[in-house]
Amino acid sequence: MQTIKNLFERQTAKFIIDRAISKVKANPEDGMMDLLSYAEKLHVFQDATFESAKKIIQDPQNKWTRLAKSLICDTHPNVLRMNLLNAGYQAGLYGSKIQREIRKKLNTNVPWTILFDPTSACNLKCVGCWAAEYGHQLNLSYAEMDNLITQGKEIGTYFYLLTGGEPLTRKRDILKLAEKHHQCAFHIFTNGTLIDEEFCKEVQRLGNLTFALSLEGFEDENDLRRGQGVFQRVSHSMELMKEYGLIFGAAICYTSANYKTVTSDEFLEYIIEKGARLAWYFHYMPVGVDAEPKLMLNPAQRETMIRRIRYLRSEKGNHPISLIDFQNDGQFINGCIAGGKDYLHINANGDVEPCVFIHYSTANIRTHTLKEALAQPLFMAYRARQPFNSNHFRPCPMLENPEILRKMVKESGAKSTDLIQEESVEHLCSKCDLYAAQWKNKSEELWEIYGNHTETEDFMKKIS
Ligand code: SF4
């Protein structure tokens with residue numbers, strides 16, 4: 001239930017956003033300053049951050065100014081308005097306040113975002129992907145997803161991430177959810193092959209959905225694993241989404257085989273030209289009994305990745321796109337965000353897991369409320385130990401600190417929830433032991449450079 005205060009604040013935010021959008025079109029600097037001043041009034045920024053952001057806006061050649069301007073001018077007004085309202089005001093300000101209160105009251109973690117899988121089904125058959133092998137067996141019903149979001153809103157969670165399987169095999173239900181929960185923001189990780197004009201029109205009408213389309217490189221590299229013709233289909237979907245003024249980016253799993261291609265200038269230029277505003281980079285994780293550890297990066301490759309992404313995000317990088325390196329950006333979010341600290345994952349069987357990569361749980365949405373699931377022993381073990389390492393280049397209880405996941409799973413009595421084949425925590429963590437040992441020294445060397453470096457602080461001032 002929305003409170004009167006929430007309704008009033010939301011209306012005010014909507015008025016200011018609408019005014020700023022029309023102002024940007026006439027005079028980009030003035031309109032962006034309006035939005036910034038509004039954010040300052042809501043105490044979103046610290047003084048220094050506000051001043052840095054102001055300077056950036058005053059420089060029309062700055063890549064962040066170019067990104068913001070194109071986001072405002074090229075996005076459909078309803079899509080822009082709804083995302084600023086839902087992700088910015090509703091989830092970022094209103095929801096966060098409720099979460100702080102509930103966290104104190106329940107003494108559990110409370111997530112800012114929930115990632116859930118509407119289905120395990122997928123229309124593609126990518127080499128090595130569990131969804132292709134598992135087939136079309138598991139689904140969350142519409143009523144279950146609706147109930148989950150209703151419970152989520154009660155604890156202040158207004159931002160939902162969807163993955164799978166391929167979530168858009170359930171596109172009718174997803175649109176219905178987005179319509180019913182119109183104050184929430186939905187970000188969908190998709191293979192991008194089921195996006196058509198009719199769907200784009202609906203997304204434009206609703207406004208509160210954004211997307212990340214999976215890509216693993218250019219055509220040959222991508223289609224080798226994902227199937228012939230997939231690259232072209234994704235490329236066509238991006239063109240369509242750009243035409244309809246939707247907000248989307250790329251979701252990239254980087255491995256020892258593709259990390260150079262997916263961070264190359266050519267690749268970034270390609271996705272930016274197609275209309276991508278952001279790219280999520282995910283380190284390959286050896287999850288599942290058949291996972292291939294040799295695809296994990298060695299220390300030198302991971303170092304290259306860290307340096308390259310930081311270069312690309314600096315002014316020198318010059319590509320107007322926002323880049324998130326899930327495994328190497330721990331210092332900006334105090335390490336691991338899982339176990340409900342900032343997020344959790346619910347698979348297509350309803351199991352409530354700490355993270356999309358950690359398939360262990362003792363709670364299921366079919367037998368537990370969301371609040372009960374947050375209090376499950378494995379989540380409490382996460383809460384007691386987070387952050388798992390003071391060096392945030394080693395954030396993960398599995399990848400870089402496998403002894404910790406072993407302990408937490410054993411202590412909590414959590415069971416394997418892997419959908420294709422149960423995997424013991426010993427089996428999973430033994431694939432990470434060597435990686436963790438090899439990465440330790442290099443990560444310490446890099447932490448010396450980046451951990452307290454002013455470059456990082458300057459960067460944070462610009463993006464926070
Ligand atoms: S469990 Fe590991 S992969 Fe998941 S959020 Fe934490 S650090 Fe990242």
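Read the numbers this way: they start at 1 and go in the same order the structure lists the ligands and their atoms.
In the displayed structure, E422 atom CD is contacted under 6.0 Å by at most 12 heavy atoms of other residues, nucleotides or ligands. The environment of K260 atom NZ is sparse: at most 12 non-hydrogen atoms of other residues, nucleotides or ligands sit within 6.0 angstrom.
Taking 4.0 Å as the cut-off between side-chain N and carboxylate O, R308 and D325 do not count as a salt-bridged pair.
Taking the six-membered ring where the residue is Trp, the centroids of Y270 and F231 are separated by under 6.0 Å.
Around atom 6 (Fe) of ligand 1, the protein N, O or S atoms found under 2.8 Å comprise C336 SG.
Residue contacts with ligand 1 do not include F282, since none of its heavy atoms lies under 4.0 Å from the ligand. Contact annotation: H283 has no heavy atom less than 4.0 Å from any atom of ligand 1.
The distance from ligand 1 to the heavy atoms of M285 drops below 4.0 Å at these ligand atoms: 3 (S). Counting atoms of ligand 1 from 1 in the listed order, those under 4.0 Å from a heavy atom of Y382 are 1 (S).
By the 6.0 Å and 45° rule, R10 does not stack over the aromatic ring of Y94.
Between the side chain of K153 and the backbone N or O of H181, no donor-acceptor pair lies under 3.5 Å.
Remark: of the listed residues W280, F248, F199, F199 is the sole one forming a ring pair (Phe, Tyr, Trp, His ring centres under 6.0 Å) with F211.
At the shortest separation from atom 8 (Fe) of ligand 1 among protein heavy atoms lies F326 CE2, 3.7 Å.
Using a 3.5 Å distance cut-off with no hydrogens or angles, the side chains of H182 and N86 do not pair a donor with an acceptor.
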